[in-house]
Amino acid sequence: MKLPNLTEARKRTSKEVEHIYLDEHYDQNTFKGQKYFLRTYGCQMNVHDGEEIAARLESLGFRPTEKLEDADIVILNTCAIRENAHDKLYGFLGRCKHAKKDNKDLIIGICGCMAQEENVVKELMEKHPYVDIVFGTHNIHELQDLILNRTSKQDISVYSCEGEVYENIAYKRDSNIKAWVNIQYGCDKFCTYCIVPYTRGKQRSRKSKEIISEVENLVKDGYQEVTLLGQNVNAYGKDLTDELSFAELLKAVAETKIPRIRFVTSHPWDFTDEMIEVIAKYPNIMPYIHLPLQSGSSRILKLMGRRYTKEEYLKLFNKIKSTIPNVAVTTDIIVGFPNETDEDFAETLDVVNTCKFDSAFTFIFSPREGTPAARMEDKIEMHTKEERLQKLNELVNSYSLAANQKYVGKVVPVLIEGISEKDKNKVFGYTDTMKLVNVSNGQDKIGKIVDVCITDAKSFSLDGEINN
Ligand code: SAH
Ligand code: SF4
Ligand code: F3S
């Protein structure tokens, strides 16, 4: 069997693919009455890609279903960040294979970051021939054509390299209150443990004029919040000439008067004083920063290729805390990087004790094939890594609870997003500092920013009441 050419990029001009963004190009009657089941794993970027995939499926007439068994097409939008991604993919494929026994016309599609991994594509070709289409993160724009022109064999479209940045993409947004806005694609940082630069390609920033116009349209449509998306948002524009810096872009987005602006993820290395000043100055830029630490040990940070030391991180953290009023800072931490010693781990705990993060996502290092860290010899046993993770989680959660408890008795603005899933009598929303609040009244306030009195605090959420 011959592998598709994954090593050579097939470049196209945006002119050639322009037409497929226009829904009218496709006939919505093609799959009228048929249903799609879309499952997305991974980060916000993948979630936003899912919104594009949904729009493309709907342009052909498919409508959504929550039940795989009812679907005529199933798409799995995968994430490759950790090893367990494989279990999720192959578990899901088992269900699809079963469903195809009952419905032999079922179309099965695999996309997302795992579809960019050569070994995964090879395995899908060799062991899962019932998968009909496979498309990579650079090929989402081909989805309709892939479905319409599919053959009786497996159809694979994966470019190893990124192409151009496409504009005027249609999205079926999950919310009419808050929206994701891509400001850049890919990542140039190549942290030694991370697969993202391989699955998403090199950094490509969108033109600021396109970003602003997208946000202006969201404002016209009544959106209350935008989250600017990128793997390394504060490196925005560095790959373009004559483009705004991230701080300048933030300013320009703030001038659109969208009520709330968030952004993920910032890299400590690209954080500037100008950014801190802009965030502090504009009330519609939320005082919330996700600032991944990864490790508190300068030795490990160097091996990770993170480009900052423990001391530099702490200096930046202190500057952010002392300049932006009431700012909340959250982080990501990896334990068990190859040969992380007890002393290295103690440095991580030390940073957590100093910064008292509002919350943290914590992970055990997972070797990803093709990354430099996966080739490093590692003498640390898994049970040691698990113990470290548990210890770290206990510490991190105690600070989350302490940070949340400070809210009790205060009145804070909350953007109410919808009915709470756990309790239909409640609504939920987020504070400007990104804390989840379950509110006991206010069903008529969905889509509005209202003052909420915080009555109770848990590690991962707050309870509150709207003051009438
Ligand atoms: N671009 C962002 C985050 C990307 S992935 C950043 O630079 O911070 C989200 C998080 O997953 C990372 O911050 C990191 O903590 C974690 N992660 C990435 N690769 C990992 C790996 N191989 N093993 C364990 N965790 C990993
Ligand atoms: Fe991965 Fe590092 Fe890029 Fe984040 S900055 S996506 S961790 S390579
Ligand atoms: Fe996963 Fe790809 Fe995002 S690997 S974390 S979905 S960029």
Side-chain angles (χ1 to χ4, degrees), residues 1 3-4 26-43 45-137 139-158 171-174 199 421:
M1 217 178 296
L3 265 181
Y26 292 102
D27 182 357
Q28 291 221 12
N29 290 318
T30 320
F31 293 92
K32 199 174 170 189
Q34 298 202 21
K35 299 204 175 89
Y36 69 91
F37 177 93
L38 171 64
R39 168 70 55 88
T40 294
Y41 293 120
C43 63
M45 212 148 299
N46 235 28
V47 171
H48 192 35
D49 283 353
E51 295 182 325
E52 177 180 352
I53 292 165
R56 293 188 181 283
L57 292 170
E58 297 205 0
S59 75
L60 295 175
F62 290 109
R63 291 295 173 261
T65 172
E66 294 295 314
K67 277 173 82 180
L68 191 152
E69 293 69 26
D70 289 347
D72 300 282
I73 180 165
V74 173
I75 304 273
L76 181 65
N77 187 17
T78 60
C79 165
I81 202 85
R82 278 170 289 276
E83 221 162 15
N84 65 1
H86 287 84
D87 304 338
K88 286 191 187 165
L89 169 65
Y90 296 113
F92 189 86
L93 280 178
R95 283 180 68 195
C96 292
K97 196 176 176 183
H98 193 73
K100 205 159 182 164
K101 278 192 189 129
D102 295 332
N103 172 11
K104 62 177 182 1
D105 295 327
L106 176 67
I107 304 171
I108 301 173
I110 304 294
C111 63
C113 285
M114 285 184 79
Q116 292 294 140
E117 291 184 273
E118 199 152 345
N119 56 347
V120 172
V121 174
K122 194 162 178 266
E123 192 161 350
L124 289 172
M125 288 173 77
E126 288 170 357
K127 299 197 184 134
H128 304 273
Y130 56 89
V131 171
D132 300 279
I133 54 178
V134 180
F135 56 103
T137 55
N139 307 68
I140 301 174
H141 61 273
E142 297 180 338
L143 178 56
Q144 290 103 320
D145 288 350
L146 265 170
I147 294 171
L148 293 170
N149 304 327
R150 73 190 183 285
T151 61
S152 56
K153 294 201 188 103
Q154 197 171 60
D155 294 293
I156 299 179
S157 193
V158 179
Y171 294 102
K172 185 194 175 210
R173 296 189 188 270
D174 292 335
T199 64
E421 264 182 33

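The figures that follow rest on heavy atoms only: side chains count, while hydrogens, waters and symmetry mates do not.
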Under the side-chain contact (heavy atoms from CB on, under 4.5 Å) test, residues paired with Lys67 that sit two or more places apart = Thr65, Glu69, Asp70
Would you name the heavy atoms of Cys111 and Ile53 that are closest together and state the gap between them?
-> SG-CD1, 3.7 Å
Is any side-chain heavy atom of Leu124 less than 4.5 Å from a side-chain heavy atom of Leu93?
-> yes
Evaluate the side-chain contact (heavy atoms from CB on, under 4.5 Å) criterion for residues Ile133 and Leu143: first the C-alpha distance (whole Å), next the side-chain angles of each, then the deciding distance (0.1 Å), finally the verdict.
-> CA-CA 9 Å; Ile133 54 178; Leu143 178 56; 4.1 Å; yes
Between Asp174 and Val47, is a side-chain contact (heavy atoms from CB on, under 4.5 Å) present by the stated rule, with each step listed?
-> CA-CA 9 Å; Asp174 292 335; Val47 171; 4.1 Å; yes
Derivation of the side-chain contact (heavy atoms from CB on, under 4.5 Å) call for Asp72 and Asp105 = CA-CA 7 Å; Asp72 300 282; Asp105 295 327; over 6 Å; no
Taking atom SG of Cys79 and atom CE of Met45, what is their separation to the nearest 0.5 Å?
-> 11.5 Å
If you look at every heavy atom in Ala115 and Val134, which pair is closest and at what distance?
-> CB-CG1, 4.1 Å
Decide yes or no for Val121 and Met125: does some side-chain heavy atom of the first lie under 4.5 Å from some side-chain heavy atom of the second?
-> yes
Report the distance from atom CG of Asp49 to atom CD1 of Ile140, rounding to the nearest 0.5 Å.
-> 3.5 Å
Ring pair (Phe, Tyr, Trp, His ring centres under 6.0 Å) pairs, two or more places apart, involving residues 72-112 = Tyr90-His128
Give the C-alpha distance, both sets of side-chain angles, the deciding distance and a yes or no for salt bridge (Lys or Arg N to Asp or Glu O under 4.0 Å) between Glu52 and Arg56.
-> CA-CA 6 Å; Glu52 177 180 352; Arg56 293 188 181 283; 3.0 Å; yes
In Å, rounded to the nearest 0.5 Å, how long is the span from CG of Asp155 to OG1 of Thr151?
-> 3.5 Å
Sequence neighbours left out, what passes side-chain contact (heavy atoms from CB on, under 4.5 Å) with Asp132? Give chain and number order.
-> Lys100, Ile107, Ile108
Find out whether Ile81 and Tyr41 are in side-chain contact, i.e. whether some heavy atom of one side chain is under 4.5 Å from a heavy atom of the other.
-> no
Please name all residues satisfying side-chain contact (heavy atoms from CB on, under 4.5 Å) with Thr78, sequence neighbours left out, ordered by chain then number.
-> Leu76, Leu89, Ile110, Met114
Taking every heavy atom of Asn46 against every heavy atom of Gly112, the minimum-distance pair comes out as OD1-CA, 4.4 Å
Taking all atoms of both residues into account, what is the closest heavy-atom pair of Gln144 and Ser59, and its distance?
-> NE2-OG, 2.9 Å
Of the non-hydrogen atoms in Leu68 and Ala99, which two are nearest, and what is the gap between them?
-> CD2-CB, 3.6 Å
Could you give the distance from OG1 (Thr137) to CG (Asn77), rounded to the nearest 0.5 Å?
-> 9.5 Å
Taking all non-hydrogen atoms of both residues, which atom of Thr40 and which atom of Gly50 are closest, and how far apart?
-> OG1-CA, 4.1 Å
Look only at the side chain of Glu51 and the backbone of Arg173, and say whether a donor-acceptor pair between them is shorter than 3.5 Å.
-> no
Please collect all ring pair (Phe, Tyr, Trp, His ring centres under 6.0 Å) contacts where either partner lies in residues 60-84, sequence neighbours excluded, each pair once.
-> Phe31-Phe62
Drop me the distance from Ile73's CD1 to Asn103's CG, to the nearest 0.5 angstrom.
-> 11.5 Å
Side-chain donor-acceptor contacts of residues 32-39 below 3.5 Å, not counting sequence neighbours, with atom names and distances?
unit_1: Tyr36; atom_1: OH; unit_2: Glu58; atom_2: OE2; d: 2.7

To the nearest 0.5 angstrom, please state how far the SG atom of Cys96 sits from the NZ atom of Lys101.
-> 12.5 Å
